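Heads up, the thing below is written out as structure tokens.
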Amino acid sequence: MHADDVAPELSEDAVESQRMFGAESGCNHFEQRLLRFDQPSSARSSDEHDEVLYVLSGSGAAEIGGERRALSPGTAAFVARGTEWHVVEADDLRVLSVLVVDPLPAGGATHAVVDLAAEETKGATAGRQFRLLATPEVGCASVTQFVGYVPVGRAPDHFHPYDEVVYILEGRGALHMAGESAELQAGSCIHFPARMVHSLENTGPGVLQVLGVFRPAGSPAEAYYPDGTAAAAPAQED
């Protein structure tokens, strides 16, 4: 699925929203939406869902749980259910929102804001790397949010033990799954049910960057080949 293929909806406060995945498409653990802000918004919150956010483009500022934070590409946030947030400044601001259905208790945490540039890069399989964003370590008990970096080439077929939604941030590639292949580009969206065998291919020339959110929370490097053998990730330096 590509974001441009989904018709936008306009809320009362002129927030444009495009829903990519949800229960109607078989994605029962998440609701993935693309939000566009051109002006301040009214307060947003949910008594049922946690929410993880990622700024795709534009700039602005938001008040999250009573704390004002600047927003720019690479800013990520976790918002626990029952916590209000709203945009107070917006200049062509585009944010990817993932609502987490039936989340685990947040353990007292109401929100957290993480800057992609400040996070450590870690290694995964097939030369891939990732940076963690919203995780249990910052109070986001139910999911792991990360940005992954996929080098040119195709990884072996594999699966993950978690349910995941992915948004392509940058680059071009192909998804190989269930005997079919589909082209990928910035704005493409993917839902991987747990244990679904697949392979992401970067067709080049640059690095393919992906934004992922999965549950249960864990490591993006946890992967298995179709026969159940663990795919080894490179050891991390101390």
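Owing to the predicted nature of the structure, the values given are computational and were not obtained by experimental measurement.
Phe192 and Tyr225 fall into different hydrophobic clusters, defined by Ile, Leu, Val, Met, Phe, Trp and Tyr side-chain heavy atoms under 4.5 Å apart, directly or through other members.
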Verdict with supporting geometry, Phe30 and Leu99, side-chain contact (heavy atoms from CB on, under 4.5 Å):
CA-CA 6 Å; Phe30 302 111; Leu99 295 176; over 6 Å; no

Could you walk me through whether Leu53 and Leu96 pass the side-chain contact (heavy atoms from CB on, under 4.5 Å) test, one step at a time?
CA-CA 6 Å; Leu53 306 166; Leu96 191 75; over 6 Å; no

As a quick check of understanding, evaluate side-chain contact (heavy atoms from CB on, under 4.5 Å) for Gln145 and Leu211, giving each step before the final call.
CA-CA 7 Å; Gln145 179 195 41; Leu211 174 66; 4.1 Å; yes

Show your working on salt bridge (charged side-chain N to carboxylate O under 4.0 Å, His left out) between Arg19 and Glu31 and close with a plain yes or no.
CA-CA 7 Å; Arg19 178 176 174 133; Glu31 293 182 15; 3.4 Å; yes

side-chain contact (heavy atoms from CB on, under 4.5 Å) assessment of Val213 paired with Tyr167
CA-CA 9 Å; Val213 176; Tyr167 182 91; over 6 Å; no

Start with the C-alpha gap between Glu89 and Arg68, add the side-chain angles, then the distance that decides, and say whether salt bridge (charged side-chain N to carboxylate O under 4.0 Å, His left out) holds.
CA-CA 10 Å; Glu89 295 178 11; Arg68 183 185 175 102; 2.5 Å; yes

Where do Glu16 and Arg36 land on the salt bridge (charged side-chain N to carboxylate O under 4.0 Å, His left out) test, with the steps shown first?
CA-CA 5 Å; Glu16 192 175 282; Arg36 290 183 170 90; 3.2 Å; yes

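In this structure, CG in Leu175 is found 5.0 Å from CD1 in Ile190, a value given to the nearest 0.5 Å. Considering CG of Asp50 and CG of Leu104, their distance stands at 8.5 Å, rounded to 0.5 Å. The structure places CG of Leu184 at 10.0 Å from CG of Asn202, a figure rounded to the nearest 0.5 Å. For the atom pair Glu164 CD and Thr144 OG1, the distance stands at 10.0 Å (nearest 0.5 Å). Summarising the geometry, atom CZ belonging to Phe146 is positioned 12.0 Å from atom OH belonging to Tyr54; distances are rounded to the nearest 0.5 Å. Phe78 contributes atom CZ, which lies 5.0 Å from atom SG of Cys140 (distance to the nearest 0.5 angstrom).
Annotation for Asp227: atom CG counts as buried by contact number, over 12 foreign heavy atoms lying within 6.0 Å.
Side-chain polar atoms of Ser41 and His86 form no donor-acceptor pair below 3.5 angstrom. Side-chain contact, Glu51 with Ser97: a donor N or O sits under 3.5 Å from an acceptor N or O. A donor-acceptor pair shorter than 3.5 Å cannot be found between the side chains of His29 and Asp102. For the residue pair Ser46/Glu48, the side-chain donor-acceptor check at 3.5 Å is not satisfied.
Checked by atom type and distance alone, the side chain of Ser199 pairs as donor or acceptor with a backbone atom of Ala155 at under 3.5 Å. Under a 3.5 Å cut-off, the side chain of Thr83 and the backbone N or O of Thr110 do form a donor-acceptor pair.
With sequence neighbours left out, Ser59 forms a side chain to side chain donor-acceptor pair (under 3.5 Å) with no residue at all. With sequence neighbours excluded, the residues that form a ring pair (Phe, Tyr, Trp, His ring centres under 6.0 Å) with His160 are His158, Tyr162, His198. For Arg69, the salt bridge (charged side-chain N to carboxylate O under 4.0 Å, His left out) partners are Glu67, not counting sequence neighbours. Scanning for salt bridge (charged side-chain N to carboxylate O under 4.0 Å, His left out) contacts around Glu180 gives an empty result, with sequence neighbours left out. In this structure, Asp92 has no salt bridge (charged side-chain N to carboxylate O under 4.0 Å, His left out) partners at least two apart in sequence or on a different chain.
Apart from Val197 itself, the hydrophobic cluster it occupies contains Phe159, Tyr224, where clustering links Ile, Leu, Val, Met, Phe, Trp and Tyr at side-chain heavy-atom distances under 4.5 Å.
Counting only heavy atoms from C-beta outward, the side chains of Met196 and Met177 approach each other to under 4.5 Å. Side chains of Arg94 and Val55 form no contact here, defined as non-hydrogen atoms less than 4.5 Å apart. Gln32 places a side-chain heavy atom less than 4.5 Å from the side chain of Cys189. Annotation: side chain of Leu169 is in contact with side chain of Val147 (closest heavy-atom distance under 4.5 Å). Contact check for Val79 versus Ile64: side-chain heavy atoms found under the 4.5 Å cut-off. You'll find the side chain of Val98 reaches within 4.5 Å of the side chain of Val165, heavy atoms only. Side-chain atoms of Thr203 and Arg172, non-hydrogen and from C-beta on, do get closer than 4.5 Å to each other.
Salt-bridge annotation for Arg44 and Glu84: absent, with no side-chain N of the basic residue lying under 4.0 Å from a carboxylate O of the acidic one.
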